[in-house]
Amino acid sequence: MRRLTKKKALHLVKGLDAFPKVPDSYVETTASGGTVSLMAFTFMLILAFLEFFVYRETWMHYEYEVDKDFKSKLRLNVDITVAMKCQYIGADVLDLAETMVASDGLNYEPVRFVCLFVLGRTLQHIQERLREEHSLQHVLFKSLMKDSPSSLPPREDHPSAPQAACRIHGHLYVNKVAGNFHITVGKAIPHPRGHAHLAALVSHDSYNFSHRIDHLSFGEKLHGTINPLDGTEKISPDHNHMFQYFITIVPTKLNTYQIAADTHQYSVTERERPINHAAGSHGVSGIFMKYDISSLMVRVTEQHMPFWKFLVRLCGIVGGIFSTTGMLHGMMGFLLDVLCCHFQLGLYRLKEHFTFSLLNSISALLSH
């Protein structure tokens, strides 16, 4: 009974076989089929090889959410060279709540003001390409490294050369509200309604706010980033001149296979104008960077294709090419058979007509 039951079960399983085997004696191989098979295997190998490179590639996924972290401090990284002596200028931050941020983290270094037109144009060209080709930002995000150099690059200044410029570099921690980072004449002093700068002792003839922004970023400093204002150079056409930068900051959480960091991206709009009270152009000479923080946060995550999806796509390539080439080979064979049959039928009819004409001729000769 058990053997009978096993035989029935085995017979039932064999009946469910979706891949029946054809004996070799019933299989006919042709040269055309071998050629098509060779082409199909070649295409399979090429597409599978390309699919492997797609599997190795990663992409950046962007998500947007409301930034709920409003109590923490925002780090402001700055490196600006101004064409004035350090004792004549001062830099500080005044936020929207009229809170003056201490500028203890900024260093004032006497240097020479040298325009780096080649480097500036190169950085500006890269920034223009980043605005046009947003896909380049993915490459920059992937190549970021958290180990940024702590020491600033050495300056190639000669001790005997006059150092009539001032390099202001360092970082500040500001509140996460709109504010104004500015560099103007005179050192800043606290004031009950804000603050003021001691500019009365500085002659207007010594005003020169030509400047070069080597670096300006917000949040954690990452090595490899290119910020919109990096490499910006401005030459003041006159003594009393105001440079304004209106900055919109977007908090960004970056999570890649290289780093995980909290940083900030920003966009900027520039404006400059001369200060001439007689002509109605009022204001204070200096460099003003007015920033505002967006309420939305961008979460950037580097993603990778799952292995199961790679296998599914690979099976699709193999099965699709195998089925498509089989259908094409069958259609081509069918068309060739049809054409050959029509050609042979035409030859047969021509031969029959010739034979009938020949018999008629012979009959006519015999009758005479």
Side-chain angles (χ1 to χ4, degrees), residues 50-78 93 95-97 123-148 171-179 181 215-232 245-270 289-314 316:
L50 295 177
E51 187 65 27
F52 176 72
F53 281 99
V54 174
Y55 169 71
R56 291 185 56 193
E57 191 64 28
T58 60
W59 64 88
M60 308 308 295
H61 178 68
Y62 295 85
E63 295 178 342
Y64 302 91
E65 59 186 62
V66 178
D67 185 17
K68 300 179 181 179
D69 183 16
F70 54 88
K71 294 183 180 180
S72 61
K73 296 290 184 178
L74 175 63
R75 174 168 171 160
L76 170 61
N77 308 299
V78 62
V93 177
D95 59 21
L96 190 62
L123 289 175
Q124 290 176 4
H125 179 69
I126 294 175
Q127 292 161 6
E128 291 176 359
R129 295 298 299 172
L130 284 174
R131 296 188 188 100
E132 296 175 1
E133 301 289 343
H134 297 285
S135 59
L136 294 178
Q137 187 64 42
H138 305 340
V139 180
L140 293 178
F141 276 144
K142 293 178 186 178
S143 61
L144 292 182
M145 298 181 62
K146 203 168 185 177
D147 188 16
S148 59
H171 62 272
L172 298 171
Y173 288 94
V174 299
N175 299 321
K176 293 188 70 173
V177 295
F181 171 74
H215 180 78
L216 182 72
S217 64
F218 298 87
E220 188 174 356
K221 194 173 181 181
L222 301 176
H223 181 65
T225 54
I226 300 178
N227 300 286
L229 286 177
D230 291 355
T232 301
Y245 300 93
F246 300 94
I247 301 173
T248 302
I249 306 171
V250 180
T252 305
K253 288 186 177 293
L254 186 63
N255 187 10
T256 67
Y257 291 105
Q258 297 288 338
I259 61 170
D262 294 339
T263 182
H264 293 73
Q265 304 178 81
Y266 68 89
S267 60
V268 60
T269 303
E270 304 176 12
M289 299 181 180
K290 299 181 180 180
Y291 60 87
D292 193 6
I293 304 176
S294 174
S295 59
L296 292 179
M297 181 183 67
V298 180
R299 189 181 298 274
V300 185
T301 308
E302 186 176 5
Q303 294 186 349
H304 187 270
M305 181 189 297
F307 183 70
W308 65 267
K309 192 173 183 179
F310 168 70
L311 291 179
V312 170
R313 291 166 65 99
L314 202 61

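Among pairs with a residue in residues 252-266, those fulfilling salt bridge (charged side-chain N to carboxylate O under 4.0 Å, His left out) read K253-D262, at least two apart in sequence or across chains.
Side-chain atoms of L216 and M289, non-hydrogen and from C-beta on, do get closer than 4.5 Å to each other. Between V298 and Y64, the closest side-chain pair of non-hydrogen atoms falls below 4.5 Å.
N77 is linked by a side-chain hydrogen bond (donor to acceptor under 3.5 Å, both in side chains) to R75, S217, counting only residues two or more places apart in sequence or in another chain. Not a single salt bridge (Lys or Arg N to Asp or Glu O under 4.0 Å) links K73 to another residue, sequence neighbours left out. With sequence neighbours left out, the salt bridge (Lys or Arg N to Asp or Glu O under 4.0 Å) criterion links D67 to K176. Under the ring-ring contact (aromatic ring centres under 6.0 Å, His included) criterion, H171 pairs with Y173, sequence neighbours left out.
Atom CG in D292 sits 12.0 Å away from atom CZ in F246 (nearest 0.5 Å). With rounding to the nearest 0.5 Å, the separation of CD1 in I247 from CG in L229 is 5.5 Å. To the nearest 0.5 angstrom, Y62 atom OH is 9.0 Å from T252 atom OG1. Expressed to the nearest 0.5 Å, how far CE of M60 lies from CG of N255 amounts to 8.5 Å.
Checked against the 6.0 Å centroid threshold, Y291 and Y266 do not count as a close aromatic pair.
Tested against V174 for a side-chain contact (heavy atoms from CB on, under 4.5 Å), the candidates D95, L74, I293 yield a single pass: L74.
Closest non-hydrogen pair, P251 versus S294, comes out as CD-O, 3.8 Å.
A donor-acceptor distance shorter than 3.5 angstrom exists from the side chain of E302 to the backbone of Y257, with no hydrogens or angles considered.
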Side-chain donor-acceptor distances from residues 303-311 under 3.5 Å, at least two apart:
residue	atom	partner	partner atom	Å
Q303	OE1	W59	NE1	3.4
H304	NE2	Y55	O	2.7

